[in-house]
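One-based numbering, in listed order, for ligands and for the atoms of each.
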Amino acid sequence: MSGLVTRRALVAGLAAGAGGLLSGCDELGQDPEFRRLLGTAEQANYRLHRLLQNRAALAEEFAPQQRSPTFRHNGTAMPAGTDYARHLRDGFADWRLVIDGMVARPQAIPLAELRAMPARQQITRHDCVEGWSAIAKWTGVPLKLLLDRAGISPQAKFLVFHCADAQSNGAPYYESIDRVDAAHPQTVLAWALNDRPLPVQNGAPLRLRVERQLGYKHAKYVGRIEAVASLAGIYGGRGGFWEDVAGYEWYAGI
Ligand SMILES: Nc1nc2c(c(=O)[nH]1)N[C@H]1C(S)=C(S)[C@@H](COP(=O)(O)O)O[C@H]1N2
Ligand SMILES: [Mo]
């Protein structure tokens, strides 16, 4: 446990240094060279994590009575647009989860089929950078099962999660993780929260749980999982919406 605390403090210190500079000085944040340096610091942070942390370790799991009375929501609470509204009205009956990119067998899986696949249940704590945490029970399909079914290429290095919602600047929300987290047993595509169908505000019909990382990595409203060799050329190229617009760390280990 003390090893974990030491590592957390160390990494938090690095992240606070970079984040403080970025938010404290917008002009500096726009400067390409500064952004490049920050990218280097993030790379170092990721490497540090890989060095100090056992990436296969499980996140802490809790007992049912330790759950928070309610699991709040953050960010999008209802995706805009007629497509999502129609799916919601139809109970997601003709919604499909698309898995494509570097896979041998691209998939388009109905929600009923996802729910019929082997599921994992876990009671975990969600930590948001905005300063709140909550404990809840998630039920979902392990991502590894989905990637095996699609025949992911050994050359694919990252999984990109495309979401149904756009943010206030018009850019779509998206996130990405590496193959280590993709194969982690607690990395699931959740379709239930506290034993009920996933509520709209928490990402219905399907959201990522990647329990060793911070809240913004847990993409909601996931409709497409793309296997790629590189994150360059995907939206802003930094691997996620907040990474692109605000310089959040791509690897947000906790
Ligand atoms: N598609 C999408 N995913 C998202 C967000 C969002 O706005 N849109 N917000 C992120 C943030 S910052 C957090 S803390 C969690 C919040 O999940 P919750 O709304 O279920 O509490 O979702 C993350 N995933
Ligand atoms: Mo968050």
Side-chain angles (χ1 to χ4, degrees), residues 8 11-12 15-16 19 22-23 59 62 67-81 83-85 87-88 92 95 97-98 111 121-140 143 158-177 181-182 186-226 231 234-236 238-254:
R8 278 188 74 152
V11 172
L22 188 66
S23 54
F62 298 83
R67 283 181 292 177
S68 307
T70 56
F71 190 85
R72 56 167 286 182
H73 70 273
N74 200 35
T76 303
M78 167 68 81
D83 276 7
Y84 188 83
H87 282 308
L88 190 57
F92 299 99
W95 173 95
L97 170 68
V98 170
L111 186 57
Q121 299 193 324
Q122 56 206 29
I123 301 176
T124 53
R125 194 188 60 231
H126 179 102
D127 294 321
C128 173
V129 282
E130 288 170 37
W132 59 274
S133 298
I135 296 175
K137 176 179 179 181
W138 302 97
T139 305
L143 176 58
F158 305 98
L159 285 309
V160 180
F161 301 86
H162 298 272
C163 306
D165 60 318
Q167 298 291 300
S168 54
N169 68 350
Y173 202 93
Y174 80 103
E175 259 305 335
S176 60
I177 61 175
D181 272 335
Q186 288 170 322
T187 300
V188 304
L189 273 304
W191 43 260
L193 166 59
N194 288 329
D195 298 315
R196 318 184 84 116
L198 192 62
V200 169
Q201 64 177 23
N202 304 109
L206 199 67
R207 69 101 49 88
L208 175 66
R209 295 299 309 169
V210 51
E211 304 290 359
R212 301 289 309 278
Q213 296 205 48
L214 288 171
Y216 61 87
K217 300 297 292 187
H218 300 233
K220 306 194 284 187
Y221 317 109
V222 173
R224 178 181 169 213
I225 302 173
E226 184 187 8
L231 297 171
I234 311 271
Y235 302 105
R238 292 176 151 254
F241 172 79
W242 287 112
E243 291 88 327
D244 284 343
V245 306
Y248 281 24
E249 288 170 60
W250 172 74
Y251 189 77
I254 38 179

Of Tyr248, Trp242, Tyr251, which is the lone residue that meets ring-ring contact (aromatic ring centres under 6.0 Å, His included) with Tyr216?
-> Tyr248
Could you check Phe241, Tyr174, Tyr235 and say which one makes a ring-ring contact (aromatic ring centres under 6.0 Å, His included) with His162?
-> Tyr235
Kindly say whether Ala204 contributes a backbone atom to a donor-acceptor pair with the side chain of Tyr221 at under 3.5 angstrom?
-> no
Okay, side chain of Lys137, backbone of Ala192: is any donor-acceptor separation there less than 3.5 Å?
-> no
Looking at every non-hydrogen atom in both residues, tell me the closest pair between [X] and [Y] and how far apart they are.
| X | Y | value |
| --- | --- | --- |
| Trp95 | Val222 | CZ2-O, 3.4 Å |
| Cys128 | Asn74 | SG-ND2, 3.5 Å |
| Arg238 | Asp244 | N-OD1, 2.9 Å |
| Arg212 | Ala59 | CD-N, 3.6 Å |
| His73 | Asn202 | CB-ND2, 3.9 Å |
| Ser68 | Ala134 | OG-CA, 3.4 Å |

Could you establish whether Gln167 and ligand 1 come within less than 4.0 Å of each other, counting only heavy atoms on the residue side?
-> yes
Check whether any heavy atom of Tyr174 sits under 4.0 Å from an atom of ligand 1.
-> no
Suppose I only count heavy atoms of [X] and a 4.0 Å limit; which atoms of ligand 1 are within that range?
| X | value |
| --- | --- |
| Arg72 | 18 (P), 21 (O) |
| Cys163 | 1 (N) |
| Gly75 | 7 (O) |
| Cys128 | 14 (S) |
| Tyr216 | 10 (C), 11 (C), 12 (S) |
| Gln201 | 19 (O) |

Top protein contact for [atom], by heavy-atom distance:
| atom | answer |
| --- | --- |
| atom 13 (C) of ligand 1 | Gly215 O, 3.6 Å |
| atom 3 (N) of ligand 1 | Lys220 N, 3.0 Å |
| atom 7 (O) of ligand 1 | Thr76 N, 2.9 Å |
| atom 14 (S) of ligand 1 | His126 NE2, 3.2 Å |

Side chain, backbone, both or neither: the part of [X] lying under 4.0 Å from ligand 1 by heavy atom:
| X | value |
| --- | --- |
| Phe161 | neither |
| Tyr221 | side chain |
| Asp165 | side chain |

Going by distance only, is there an N or O of Asn74 that falls short of 3.5 Å from an N or O of ligand 1?
-> yes
Any N/O pair Asn202/ligand 1 closer than 3.5 Å = yes
Rounded to the nearest 0.5 angstrom, the CD-NZ distance for Glu175 and Lys220 is 13.0 Å
Kindly determine whether Phe92 and Trp191 satisfy ring-ring contact (aromatic ring centres under 6.0 Å, His included), including the steps that lead there.
-> CA-CA 12 Å; Phe92 299 99; Trp191 43 260; over 10 Å; no
Considering Arg207, Lys217, His218, which one's heavy-atom position lies nearest to atom 17 (O) of ligand 1?
-> Arg207
Selected option - heavy-atom contact closest to atom 6 (C) of ligand 1, from Tyr248, Trp242, Phe241, Tyr173 | Tyr173
